[in-house]
Structures are given as structure tokens and as C-alpha cells.
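Please read these numbers as outputs of a predicted model, since none were measured by experiment.
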Amino acid sequence: MASQVNGRSGGPYPRRTAAARSNRDRLGRLGHNHRGGFGEGETVEAFIHRTNQQWVDRHADTSPASLIDDLAAAGDRLARRFATADLHETATGVSWAGVDPAPAWLDIAREFTEYWTHRQQIRHATDHTTDPEPRALNTVIDTFMRALPHTLRFTSAPTGTQIDVIAEGAVSGSWTATARADRWSPAEAPNGRPSAVVMMDAETLWRLATRDIDPADALARALVQGDRRLAAAACQIGSVVL
């Protein structure tokens, strides 16, 4: 049985880490602040990675049974809270989508992707494939693709230029970003021919968004039509705090 899973940076870590981090995330959303404060000059990304590791180290001796029980209890409480939330109220920002503050529906969707991703890491570490349930995977990919316009923010293109990313396989969908005068924005499916189309299987797309695979590898697996520079820029998408 495999004992390692891939982290967001591509490096391995024990499956216990994925479970412990998932539980920390749930408790944090329930109001239990285990992170403390920022170190001097510490970035948000460094702060998250440091405090995640401190939490994992603190629970290194927790038994698997206790960890499972804790996950179930915190997960049930959080699900009940989200079930009664006003989905349009102002909530925590979603940095990788460039939205701060964010509507509650996006914040909750982001939280679901965190849980789902940790679940896949644990499944892969125990010799299981990605969870085949299509509704969950479709929700995860649709949420991840909210990062596409923000990903392209430094990519120059004439106003009206469109990039279309298409998922195929276990689930399918299409997401379009359009260049505006000062930014990229999400858009409906293009009426005409987009400047670039990137088609890849759903498995590659979610793993790219979580950096389980590198952008260059994802681009090599994709079917690209049109401007390859724009396609490569779209493949820089990262829907987690990297």
C-alpha cells in the first residue's frame, strides 16, 4: 500500500498529513484558530504552509481511528453550517480567483474543493483512483476554473481576445475568458472562433489546478488550437494557495 501522496508543490508527503490538514481546515472554519499570527515579513503563502506543518507535527501521534472520528465530527458540523448560509452574503476572499471579498457561494465552493482534493490525495495514497462521482468532480473543476481570468491578468492581448478551456472525459465543460481593456473577465462560450482553445481530460485539468502536475506537462497532454502563447498562459492556472 502506498504511504505517500503528492503535495501541491509536487513533493510527496504521508497520507496522514492530508487527513490532518483537512481536519485543521474544517476546525478553522468552525472558529477554532490554531494558526496564531504572522511572522515578521511572512507572506500569506509562507504563513499557511508553516502553520499547516505545525498542525501536522502536533498531531503526529494521533491514532488513525481518532483522526477519522475527528474528521467526521468536524465535517458534519461544517456541512450543517454551510447548509443554512446566505450564499450571496460577503465572505472570505478567494485569493487565487482574485476576488476579495468573495460571495459566500464561492467561499463555500472553495472549501469543498479543499476537502475534495485532500480526499483524492488519500485515495491515491491507498491505491485507489480519483473518486469517479461526476457531480462532485464537475463542481470542483467549475470552481477551479473561476481562477482563469485572474491567472491571465499579466497576459497581454487585444481587447476582445478569447481563450476557451475545455474539459473532456469523466466530466465535460467549457470555460471562456475574454480580454478587456484593463483585465480578463469570465464570459459565455464564444460566438466566433476563440484565439486559443485548450482541451484536456478532466483528470489532467484538476491535477493541474492543484499543481499535482506541472503546467508544462499539462500543456503537453492538451490538444491546443490557435495561439499557443495564450494556451500556455491558461495552463498556468492555480486554484490553490501555492
**OP:** Work out which heavy atom in L148 is nearest to a heavy atom in W175; give both atom names and the distance.
**Re:** CD2-O, 4.1 Å
Original post:
Hey, what do you get for CH2 (W184) to OG1 (T159), rounding to the nearest 0.5 Å?
Top reply: 9.5 Å
Original post:
If only atom types and distance count, is the side chain of R123 paired as donor or acceptor with the main-chain N or O of T129 below 3.5 Å?
Top reply: yes
Original post:
Between the side chains of D164 and T176, does any donor sit under 3.5 Å from an acceptor?
Top reply: yes
Original post:
Looking at A234 and T151, what are the two nearest heavy atoms and their distance?
Top reply: O-CG2, 4.4 Å
Original post:
For the atom pair CG (L230) and SG (C235), what is the distance rounded to the nearest 0.5 Å?
Top reply: 11.0 Å
Original post:
How far does CD of Q236 sit from CG of L208, to the nearest 0.5 angstrom?
Top reply: 8.5 Å
Original post:
So, does T161 use its side chain to make a donor-acceptor pair with the main chain of A157 at under 3.5 Å?
Top reply: no
Original post:
How many angstroms lie between OG1 in T143 and CG in D107, if you round to the nearest 0.5 Å?
Top reply: 11.0 Å
Subject >> Q120 (side chain) donor-acceptor with D131 (main chain) under 3.5 angstrom >> reply: yes
Original post:
About how many Å separate CD of Q162 and OG of S185, when rounded to the nearest 0.5 Å?
Top reply: 9.0 Å
Original post:
Applying the 4.5 Å side-chain criterion to the ILVMFWY set and letting contacts propagate, would V197 and V165 be lumped into a single cluster?
Top reply: no
Original post:
Side-chain heavy atoms under 4.5 angstrom apart, residues restricted to Ile, Leu, Val, Met, Phe, Trp, Tyr: same cluster for L78 and L87?
Top reply: yes
Original post:
How close do D227 and A196 get, heavy atom to heavy atom, and via which atoms?
Top reply: O-CB, 3.5 Å
Original post:
Do NZ/NE/NH1/NH2 and the carboxylate oxygens of R146 and D142 come within less than 4.0 Å?
Top reply: yes
Subject >> Hydrophobic cluster membership, I163 vs V224, 4.5 Å side-chain cutoff >> reply: no
Subject >> Check: S172 side chain, E168 main-chain N or O, donor-acceptor pair, under 3.5 Å >> reply: no
Original post:
Hey, is the main chain of R180 close enough, under 3.5 Å, to the side chain of R183 for a donor-acceptor pair?
Top reply: no
**OP:** Drop me the distance from E203's CD to R221's CZ, to the nearest 0.5 angstrom.
**Re:** 8.5 Å
Subject >> Heavy-atom closest pair, residues M145 and P149 >> reply: O-CD, 4.2 Å
Original post:
Is the side chain of T84 donor-acceptor paired with the backbone N or O of R81 at a distance under 3.5 Å, no angle test?
Top reply: yes
Subject >> Shared hydrophobic cluster, I166 / F144 (ILVMFWY, side-chain heavy atoms < 4.5 Å) >> reply: no
Original post:
Distance only, no hydrogens: is a donor on one side chain within 3.5 Å (strictly under) of an acceptor on the other, for H124 and Q121?
Top reply: no
Subject >> Co-membership, hydrophobic cluster, residues M199 and L219, 4.5 Å side-chain >> reply: no
Original post:
Distance-only, no hydrogens or angles: does the D201 side chain make a donor-acceptor pair with backbone N or O of T204 under 3.5 Å?
Top reply: yes
**OP:** Locate the shortest heavy-atom distance separating A147 from G238; write the atom from each residue and the value.
**Re:** CB-O, 4.2 Å
**OP:** Test side chain to side chain contact (heavy atoms under 4.5 Å, CB included) on D57 and Q53 and set out the steps.
**Re:** CA-CA 6 Å; D57 292 344; Q53 188 58 52; 2.8 Å; yes
Subject >> Short side-chain to backbone donor-acceptor contact, E114 and E111, under 3.5 Å >> reply: no
Subject >> S95 versus D100, side-chain donor and acceptor atoms under 3.5 Å >> reply: no
Subject >> Test log, rule side chain to side chain contact (heavy atoms under 4.5 Å, CB included), inputs I141 and V171 >> reply: CA-CA 9 Å; I141 291 180; V171 299; 3.9 Å; yes
**OP:** Could you pull out the closest heavy-atom pair between H88 and W105, with the gap in Å?
**Re:** ND1-CD1, 4.4 Å
